[in-house]
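Okay, structure first, notes after.
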Amino acid sequence: MNDVHYRQHVMPYYRAFESRFGYAALLGRTRHFGWYEPGHSPWGFAAAMRRMELVVARKLALPSASSVLDAGCGVGDTARTIARASGVHVTGIDGIEPDVAIARQRSARAGEPGRRTRFLLANYHALPFADASFEGVYTMESFVHSPDPRQGLAEFFRVLRPGGRLVMFEYSSTPQAHLLPKARSALIRVCELSGMPGMLMLTHGHLERLLQQAGFVVESAYDATEKVLPMLRCFSVLGRLPYALARGVGRGDSLVNAMSGVEMYRHQETWRYNICIATRP
(Lines give C-alpha, C1' and ligand atoms only; values in the text may rest on other atoms or scores of the structure.)
Protein backbone atom coordinates (compact mmCIF):
# COMPACT_ATOMS: atom_id res chain seq x y z
CA MET A 1 0.00 0.00 0.00
CA ASN A 2 2.78 2.42 0.85
CA ASP A 3 4.64 1.68 -2.40
CA VAL A 4 1.43 2.25 -4.36
CA HIS A 5 0.93 5.61 -2.63
CA TYR A 6 4.50 6.57 -3.45
CA ARG A 7 4.20 5.65 -7.12
CA GLN A 8 0.82 7.26 -7.61
CA HIS A 9 1.17 10.45 -5.56
CA VAL A 10 4.70 11.27 -4.41
CA MET A 11 6.76 10.42 -7.47
CA PRO A 12 4.47 12.25 -9.95
CA TYR A 13 4.91 15.40 -7.85
CA TYR A 14 8.69 15.19 -7.80
CA ARG A 15 8.91 14.15 -11.47
CA ALA A 16 6.72 17.02 -12.69
CA PHE A 17 8.61 19.60 -14.77
CA GLU A 18 7.87 22.44 -12.34
CA SER A 19 9.29 20.48 -9.41
CA ARG A 20 12.38 19.32 -11.26
CA PHE A 21 13.11 22.76 -12.70
CA GLY A 22 12.30 24.69 -9.53
CA TYR A 23 14.27 22.52 -7.15
CA ALA A 24 17.26 22.43 -9.51
CA ALA A 25 17.28 26.15 -10.30
CA LEU A 26 16.62 27.45 -6.79
CA LEU A 27 17.89 24.79 -4.39
CA GLY A 28 20.40 22.67 -6.27
CA ARG A 29 17.89 19.78 -6.15
CA THR A 30 17.84 19.74 -2.35
CA ARG A 31 14.31 19.76 -1.02
CA HIS A 32 14.08 21.29 2.41
CA PHE A 33 13.76 24.70 4.02
CA GLY A 34 16.62 26.81 5.33
CA TRP A 35 17.29 28.15 8.82
CA TYR A 36 17.30 31.91 9.31
CA GLU A 37 18.44 34.12 12.16
CA PRO A 38 18.15 37.94 12.23
CA GLY A 39 20.48 39.48 9.66
CA HIS A 40 20.59 36.52 7.31
CA SER A 41 19.77 37.27 3.69
CA PRO A 42 16.42 35.64 2.84
CA TRP A 43 17.67 34.93 -0.70
CA GLY A 44 20.75 33.01 0.42
CA PHE A 45 19.05 29.66 0.00
CA ALA A 46 22.13 27.42 -0.11
CA ALA A 47 23.65 28.94 3.04
CA ALA A 48 20.29 28.70 4.82
CA MET A 49 19.90 25.02 3.92
CA ARG A 50 23.40 24.23 5.18
CA ARG A 51 22.52 25.98 8.46
CA MET A 52 19.39 23.86 8.73
CA GLU A 53 21.42 20.69 8.18
CA LEU A 54 23.85 21.70 10.91
CA VAL A 55 20.93 22.16 13.27
CA VAL A 56 20.01 18.52 12.59
CA ALA A 57 23.57 17.49 13.46
CA ARG A 58 23.43 19.41 16.74
CA LYS A 59 20.06 17.94 17.66
CA LEU A 60 21.31 14.40 16.98
CA ALA A 61 24.26 15.09 19.31
CA LEU A 62 25.88 11.73 18.60
CA PRO A 63 29.51 10.68 19.08
CA SER A 64 31.82 10.44 16.11
CA ALA A 65 31.55 7.17 14.15
CA SER A 66 27.92 6.63 15.20
CA SER A 67 25.65 4.99 12.63
CA VAL A 68 22.77 7.24 11.48
CA LEU A 69 19.79 6.70 9.17
CA ASP A 70 18.53 9.52 6.93
CA ALA A 71 14.92 8.48 6.20
CA GLY A 72 14.15 10.31 2.96
CA CYS A 73 17.59 11.49 1.88
CA GLY A 74 16.86 13.03 -1.52
CA VAL A 75 20.13 13.91 -3.24
CA GLY A 76 22.08 13.50 -0.01
CA ASP A 77 23.11 17.05 0.89
CA THR A 78 21.81 16.73 4.45
CA ALA A 79 23.61 13.42 4.91
CA ARG A 80 26.91 14.84 3.68
CA THR A 81 26.69 17.93 5.88
CA ILE A 82 25.91 15.88 8.98
CA ALA A 83 28.63 13.33 8.23
CA ARG A 84 31.23 16.06 7.83
CA ALA A 85 30.11 18.08 10.82
CA SER A 86 29.74 15.19 13.29
CA GLY A 87 32.02 12.48 11.95
CA VAL A 88 29.12 10.02 11.89
CA HIS A 89 28.33 7.42 9.23
CA VAL A 90 25.05 8.21 7.46
CA THR A 91 22.96 5.73 5.49
CA GLY A 92 20.42 7.56 3.36
CA ILE A 93 17.34 5.90 1.93
CA ASP A 94 14.87 7.28 -0.60
CA GLY A 95 12.16 5.99 -2.90
CA ILE A 96 13.20 8.05 -5.93
CA GLU A 97 15.85 6.10 -7.80
CA PRO A 98 17.32 9.04 -9.79
CA ASP A 99 17.83 10.96 -6.55
CA VAL A 100 19.65 8.03 -4.98
CA ALA A 101 21.92 7.91 -8.02
CA ILE A 102 22.63 11.65 -7.76
CA ALA A 103 23.35 11.29 -4.04
CA ARG A 104 25.92 8.59 -4.78
CA GLN A 105 27.50 10.64 -7.56
CA ARG A 106 27.79 13.76 -5.40
CA SER A 107 29.35 11.83 -2.52
CA ALA A 108 31.79 10.21 -4.94
CA ARG A 109 32.79 13.62 -6.32
CA ALA A 110 33.25 14.85 -2.76
CA GLY A 111 35.59 11.94 -2.05
CA GLU A 112 33.22 10.20 0.34
CA PRO A 113 32.20 6.93 -1.35
CA GLY A 114 31.62 4.19 1.19
CA ARG A 115 33.27 6.08 4.04
CA ARG A 116 30.87 8.55 5.61
CA THR A 117 27.76 8.25 3.44
CA ARG A 118 25.96 5.54 1.51
CA PHE A 119 22.60 5.68 -0.25
CA LEU A 120 20.00 2.99 -0.92
CA LEU A 121 16.66 2.75 -2.68
CA ALA A 122 14.22 1.84 0.11
CA ASN A 123 10.93 2.68 1.82
CA TYR A 124 11.00 3.77 5.46
CA HIS A 125 7.78 1.84 6.15
CA ALA A 126 9.70 -1.40 5.53
CA LEU A 127 13.36 -0.73 6.24
CA PRO A 128 15.89 -3.28 4.92
CA PHE A 129 17.96 -3.26 8.11
CA ALA A 130 18.27 -5.51 11.13
CA ASP A 131 16.87 -4.51 14.49
CA ALA A 132 18.97 -2.02 16.47
CA SER A 133 21.15 -1.07 13.47
CA PHE A 134 21.53 2.66 14.21
CA GLU A 135 22.37 5.06 17.02
CA GLY A 136 20.39 7.82 15.32
CA VAL A 137 17.57 8.35 12.82
CA TYR A 138 16.37 11.63 11.34
CA THR A 139 13.81 12.88 8.85
CA MET A 140 14.01 16.18 7.01
CA GLU A 141 10.55 17.12 5.71
CA SER A 142 10.04 13.60 4.40
CA PHE A 143 7.63 12.10 6.95
CA VAL A 144 4.76 14.25 5.65
CA HIS A 145 4.69 11.94 2.63
CA SER A 146 3.83 8.95 4.82
CA PRO A 147 0.38 7.42 4.33
CA ASP A 148 0.93 5.39 7.52
CA PRO A 149 2.83 7.36 10.19
CA ARG A 150 2.37 4.63 12.81
CA GLN A 151 4.14 2.08 10.62
CA GLY A 152 6.94 4.51 9.83
CA LEU A 153 7.55 5.24 13.52
CA ALA A 154 7.42 1.54 14.35
CA GLU A 155 10.22 0.96 11.84
CA PHE A 156 12.30 3.81 13.25
CA PHE A 157 11.87 2.33 16.74
CA ARG A 158 12.85 -1.12 15.49
CA VAL A 159 16.10 -0.07 13.81
CA LEU A 160 17.22 2.23 16.64
CA ARG A 161 19.41 0.84 19.37
CA PRO A 162 18.37 1.38 23.01
CA GLY A 163 19.35 4.94 23.91
CA GLY A 164 19.26 5.96 20.23
CA ARG A 165 17.90 9.32 19.13
CA LEU A 166 15.21 10.19 16.60
CA VAL A 167 15.17 13.76 15.28
CA MET A 168 12.29 14.85 13.03
CA PHE A 169 12.08 18.18 11.16
CA GLU A 170 8.49 18.04 9.97
CA TYR A 171 5.34 20.05 9.28
CA SER A 172 2.12 19.75 11.22
CA SER A 173 -1.29 21.08 10.24
CA THR A 174 -4.08 22.89 12.01
CA PRO A 175 -7.20 20.74 12.44
CA GLN A 176 -9.39 21.46 9.45
CA ALA A 177 -12.42 22.22 11.62
CA HIS A 178 -10.51 25.21 13.03
CA LEU A 179 -9.84 26.79 9.64
CA LEU A 180 -11.85 29.17 7.50
CA PRO A 181 -12.96 27.68 4.14
CA LYS A 182 -10.28 29.35 1.99
CA ALA A 183 -7.47 28.31 4.30
CA ARG A 184 -8.83 24.77 4.63
CA SER A 185 -9.16 24.42 0.85
CA ALA A 186 -5.61 25.67 0.28
CA LEU A 187 -4.16 23.27 2.84
CA ILE A 188 -5.99 20.27 1.39
CA ARG A 189 -5.00 21.07 -2.20
CA VAL A 190 -1.34 21.58 -1.36
CA CYS A 191 -1.19 18.30 0.56
CA GLU A 192 -3.07 16.33 -2.07
CA LEU A 193 -1.06 17.63 -5.02
CA SER A 194 2.27 17.23 -3.21
CA GLY A 195 1.57 13.69 -2.01
CA MET A 196 1.61 14.69 1.66
CA PRO A 197 -1.18 12.79 3.45
CA GLY A 198 0.99 12.68 6.56
CA MET A 199 0.75 16.43 6.96
CA LEU A 200 -3.04 16.29 7.11
CA MET A 201 -2.93 13.41 9.60
CA LEU A 202 -0.24 14.99 11.78
CA THR A 203 -2.16 17.86 13.31
CA HIS A 204 -0.36 19.94 15.94
CA GLY A 205 0.84 17.71 18.77
CA HIS A 206 -0.22 14.44 17.13
CA LEU A 207 3.30 13.36 16.15
CA GLU A 208 4.37 13.57 19.78
CA ARG A 209 1.46 11.35 20.82
CA LEU A 210 2.26 8.81 18.10
CA LEU A 211 5.90 8.74 19.18
CA GLN A 212 4.89 7.93 22.73
CA GLN A 213 2.53 5.21 21.54
CA ALA A 214 5.36 3.72 19.49
CA GLY A 215 7.48 3.44 22.64
CA PHE A 216 9.65 6.54 22.32
CA VAL A 217 10.36 9.05 25.07
CA VAL A 218 9.75 12.54 23.66
CA GLU A 219 12.51 14.87 24.86
CA SER A 220 11.28 18.05 23.19
CA ALA A 221 9.00 19.46 20.52
CA TYR A 222 9.83 22.91 19.20
CA ASP A 223 7.85 25.18 16.89
CA ALA A 224 10.54 26.52 14.52
CA THR A 225 8.19 28.13 11.99
CA GLU A 226 9.74 31.58 12.32
CA LYS A 227 13.12 30.14 11.28
CA VAL A 228 11.82 29.09 7.84
CA LEU A 229 9.42 31.91 7.03
CA PRO A 230 12.01 34.09 5.21
CA MET A 231 12.50 31.37 2.60
CA LEU A 232 8.78 30.77 2.25
CA ARG A 233 8.25 34.50 1.70
CA CYS A 234 10.79 34.36 -1.15
CA PHE A 235 8.96 31.40 -2.66
CA SER A 236 5.73 33.37 -2.39
CA VAL A 237 7.25 36.34 -4.21
CA LEU A 238 8.69 34.12 -6.96
CA GLY A 239 5.49 32.14 -7.37
CA ARG A 240 2.96 34.96 -7.30
CA LEU A 241 2.97 35.89 -11.00
CA PRO A 242 3.16 32.38 -12.54
CA TYR A 243 0.50 31.16 -10.13
CA ALA A 244 -1.78 34.09 -10.97
CA LEU A 245 -1.32 33.48 -14.70
CA ALA A 246 -2.00 29.77 -14.32
CA ARG A 247 -5.13 30.43 -12.29
CA GLY A 248 -6.29 32.89 -14.92
CA VAL A 249 -6.49 30.07 -17.46
CA GLY A 250 -7.86 27.53 -14.99
CA ARG A 251 -4.54 25.72 -14.48
CA GLY A 252 -3.56 26.85 -10.98
CA ASP A 253 -3.13 23.25 -9.78
CA SER A 254 -0.53 22.60 -12.47
CA LEU A 255 2.00 24.81 -10.68
CA VAL A 256 2.01 23.04 -7.34
CA ASN A 257 5.13 24.67 -5.89
CA ALA A 258 4.11 28.17 -6.93
CA MET A 259 0.69 27.54 -5.44
CA SER A 260 2.22 26.14 -2.26
CA GLY A 261 4.55 29.12 -1.80
CA VAL A 262 1.76 31.64 -2.29
CA GLU A 263 -1.02 29.89 -0.41
CA MET A 264 1.01 28.62 2.55
CA TYR A 265 2.57 32.05 3.09
CA ARG A 266 -0.87 33.65 2.77
CA HIS A 267 -2.46 31.13 5.14
CA GLN A 268 0.23 30.71 7.78
CA GLU A 269 -2.44 29.69 10.27
CA THR A 270 -2.73 26.31 8.52
CA TRP A 271 0.68 24.86 9.40
CA ARG A 272 3.76 24.82 11.64
CA TYR A 273 7.35 23.72 11.16
CA ASN A 274 8.41 21.49 14.06
CA ILE A 275 11.57 19.95 15.46
CA CYS A 276 10.74 16.87 17.49
CA ILE A 277 13.41 14.91 19.40
CA ALA A 278 12.77 11.49 20.93
CA THR A 279 14.82 8.61 22.29
CA ARG A 280 14.34 4.87 22.38
CA PRO A 281 14.50 3.66 26.00
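For Leu69 against Val159, the heavy-atom pair with the smallest separation is CD2-CG2, 4.3 Å. Considering all non-hydrogen atoms of both residues, Asn274 and Asp223 come closest at OD1-CA, 4.2 Å.
With Arg272 contributing its side chain and Tyr222 its backbone, the two residues share no donor-acceptor pair below 3.5 Å.
The six-membered or imidazole ring of Phe216 lies near that of Phe157, with a centre-to-centre distance under 6.0 Å. Remark: aromatic rings of Tyr36 and Phe45 are distant, center separation not under 6.0 Å.
Through direct or relayed side-chain contacts under 4.5 Å between Ile, Leu, Val, Met, Phe, Trp and Tyr, Leu245 connects to Leu241. Members clustered with Phe119: Val100, Leu121, by chain and number, using a 4.5 Å side-chain heavy-atom cutoff among hydrophobic residues. Hydrophobic cluster of Val75: the remaining members, joined at side-chain heavy-atom separations below 4.5 Å, are Ile102, listed by chain and number.
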Could you walk me through whether Arg31 and Asp99 pass the salt bridge (Lys or Arg N to Asp or Glu O under 4.0 Å) check? CA-CA 11 Å; Arg31 295 190 290 265; Asp99 283 356; 2.3 Å; yes
Salt bridge (Lys or Arg N to Asp or Glu O under 4.0 Å), that's the test. Do Glu263 and Arg189 meet it? Break it down for me. CA-CA 10 Å; Glu263 298 290 359; Arg189 292 306 292 153; over 6 Å; no
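Annotation: side chain of Phe134 is not in contact with side chain of Leu127 (no heavy-atom distance under 4.5 Å).
Shown here are the ring pair (Phe, Tyr, Trp, His ring centres under 6.0 Å) partners of Tyr273, two or more places apart in sequence or in another chain: Tyr171. The ring pair (Phe, Tyr, Trp, His ring centres under 6.0 Å) check on Phe21 picks up Phe17, with sequence neighbours excluded. By the ring pair (Phe, Tyr, Trp, His ring centres under 6.0 Å) test, Phe143 pairs with Tyr124, Phe156, sequence neighbours left out.
Electrostatic pairing of Asp131 and Arg161 does not count as a salt bridge here, judged by no charged N lying under 4.0 Å from a carboxylate O. Comment: Asp77 does not engage Arg29 in a salt bridge, judged by the lack of any side-chain N to carboxylate O separation of less than 4.0 angstrom.
Between the side chains of His32 and Glu53, at least one donor-acceptor pair of N or O atoms lies under 3.5 Å.
Between the NE2 atom of His40 and the CE atom of Met231 there is a distance of 12.0 Å, given to the nearest 0.5 Å.
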